Number of protein chains: 2
Amino acid sequence: MYEGSATSTPAGRPLRADARRNYDRILDAAGSAIAQHGAEASLEDIARRAGVGSATLHRHFPSRQTLLEAVFRDRVQTLCATARDLAADLDPERALVAWLRAVAVHIASNRGLAASLMHGARDPARDTTCHALVVSAGDALLANARRAGAVRPDVAIIDLLKLANAVGLATEQEADGAAEAERLLMLSIDGVRPRGARATRTTR
Amino acid sequence: MYEGSATSTPAGRPLRADARRNYDRILDAAGSAIAQHGAEASLEDIARRAGVGSATLHRHFPSRQTLLEAVFRDRVQTLCATARDLAADLDPERALVAWLRAVAVHIASNRGLAASLMHGARDPARDTTCHALVVSAGDALLANARRAGAVRPDVAIIDLLKLANAVGLATEQEADGAAEAERLLMLSIDGVRPRGARATRTTR
DNA sequence: TGCCAAACGGGGTGGTCCTCCACATATGGT
DNA sequence: ACCATATGTGGAGGACCACCCCGTTTGGCA
């Protein structure tokens, strides 16, 4: 397990003490600002709350995406740990479903997380993006479930995550978003038809 | 069927000729701007393209939402007409599924439409919001399908629309968003499990 | 034709994101 | 203990944005 926050420059040199302090302050401020205003929170405002100049924020986090990734990284790591726990405790199908529920609920209740997860695959250089972390955690669960014959073979983890993400995103700004997200996700996992009814094979 | 575009003031008086001309120009400009830049297109830019002052745009459309609704209204009406056609031509289940696909594809390929449909229910005074139109069109299809026993009884049209909306929204900015949206929607309608497998009844 | 309410739009206000660069300071070598 | 310098800072400013005030223009009607 690596350090929670970035503590060194790309060249490997450790961050100067003041830089590190500002980095952490910005992360704190960003956390609460995003909780209040979602992923579109004003960067200017975040810098102000952190008590640093806006240039400092932009130096540490060149893009909004970078900041979002940093803010949510530990929460995402928790989610990945949950995946491992579930795989150990439950049968493959239940584990996968339970984890997808957890993902959807996290997205629905942490405003802005969706954006962070969705656009993560943009920069293939960094493989520790939230996106990559979640994909690999989910892949393990899906592999188990598929071996157990619990999911259709044409379903990829990326599909399921998109689904969980979509549902979370769409319910992000509802009153009780988490519960609603969970409901919708279960609906799409179970399917819309009554149990026992034959699925219509719609021609592509 | 009412006029496609608003042509009268709240008081019922008809719009002055120049006002009406500007209204239409803004709508045109907004259409192409939104197609290029999505729902977040710059209002200033739209006014510029339309050759009117920004104040004029704000007078006609007090909020971004108002503008989106106006831009998409006719496309949404087409969608509602499609619902009626499908109900006439196909059996209830196929009609519902085909229409939901159409909705998802529309959302995925008309950038910004999702926002328009989702937040439509904010202002209960106007009942001709895109949101309301789509809900009532879908309700008819769902009622048929339910009578035919083709959908679970605990599913409401609003759930299905949220699902279609979610999927469309999440795929809005992908390369081939429409196809991807369709695929994901079908996945969630058919369910994730292999055909024939018993669905796990997860306790609420 | 002349009137005037209705509609217009330039320009101001206060906000955003982001960059440049003159200045400050933490750090490692002496 | 001191100092040179790489490293980090943040105010100022440019480009853009939404939104509004208010003096000016114009369509429609008598």
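Because the structure is a prediction, the values reported are computed rather than measured. Letters A, B, ... mirror the listed sequences (proteins, then strands); counts begin at 1.
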Query raised in the report: Can you find a side chain N or O atom of A/Asn22 that sits less than 4.0 Å from OP1 or OP2 on D/dT9?
Result: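 Yes.
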**Report entry** Spatial distance of atom CZ (A/Arg73) from atom SG (A/Cys80) [nearest 0.5 Å]
**Finding:**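 Spacing of CZ (A/Arg73) from SG (A/Cys80) equals 11.0 Å.
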Report task. Fit a plane to each ring of A/Tyr23 and A/His60, take the angle between them on a 0 to 90° scale, and name the class: parallel (under 30°), tilted (30 to 60°) or perpendicular (over 60°). Result ->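 Plane angle over 60°, so perpendicular.
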Report task. Mind listing the closest non-hydrogen atom pair of B/Ala181 and B/Thr171 along with its distance? Result ->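 Looks like CB-OG1, 3.3 Å.
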Measure [atom1]/[X] against [atom2]/[N] and give the value in whole Å, please.
{"X": "A/Ile46", "N": "C/dC18", "atom1": "CD1", "atom2": "P", "value": "11 Å"}
{"X": "A/His60", "N": "C/dC18", "atom1": "NE2", "atom2": "P", "value": "16 Å"}
{"X": "B/Arg48", "N": "D/dC19", "atom1": "CZ", "atom2": "C1'", "value": "15 Å"}
{"X": "B/Leu15", "N": "C/dC8", "atom1": "CG", "atom2": "C1'", "value": "13 Å"}
{"X": "B/Arg49", "N": "C/dG9", "atom1": "CZ", "atom2": "C1'", "value": "20 Å"}
{"X": "A/Arg64", "N": "C/dT16", "atom1": "CZ", "atom2": "P", "value": "11 Å"}
{"X": "A/Leu57", "N": "C/dT19", "atom1": "CG", "atom2": "P", "value": "12 Å"}
{"X": "B/Glu44", "N": "D/dC20", "atom1": "CD", "atom2": "P", "value": "13 Å"}

With the side chain of [X] defined as its heavy atoms from C-beta on, choose the nearest nucleotide among [options].
{"X": "B/Thr56", "options": "C/dG9, C/dA7, D/dG10", "value": "C/dG9"}
{"X": "B/Ser54", "options": "D/dG8, D/dA18, D/dC20", "value": "D/dC20"}
{"X": "A/Arg16", "options": "C/dT25, C/dC17, D/dC19", "value": "C/dT25"}
{"X": "A/Val52", "options": "D/dA18, D/dG8, D/dG10", "value": "D/dG10"}
{"X": "B/Ala17", "options": "D/dA18, D/dG28, D/dC17", "value": "D/dG28"}
{"X": "B/His58", "options": "D/dG8, C/dC17, D/dC19", "value": "D/dC19"}

Within the structure shown, what part of the strands sits under 4.0 Å from [X] by heavy-atom distance: base, sugar-phosphate, or nothing?
{"X": "A/Arg59", "value": "base"}
{"X": "A/Ala55", "value": "base"}
{"X": "A/Asp45", "value": "nothing"}
{"X": "B/Arg21", "value": "nothing"}

Query raised in the report: Ignoring hydrogens and geometry, is there a side-chain-to-backbone donor-acceptor pair from B/Arg183 to A/Asp159 under 3.5 Å?
Result: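 Answer holds: no.
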Query raised in the report: With the threshold set at 4.0 Å, does a side-chain nitrogen-carboxylate oxygen contact exist between A/Arg48 and A/Asp45?
Result: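 Yes, this pair counts.
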Query raised in the report: Nearest nucleotide by nearest heavy atom, which residue falls closer to the 5' end of DNA chain D, B/Ser42 or B/Asp18?
Result: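 Per heavy-atom nearest nucleotide, the more 5' residue is B/Ser42.
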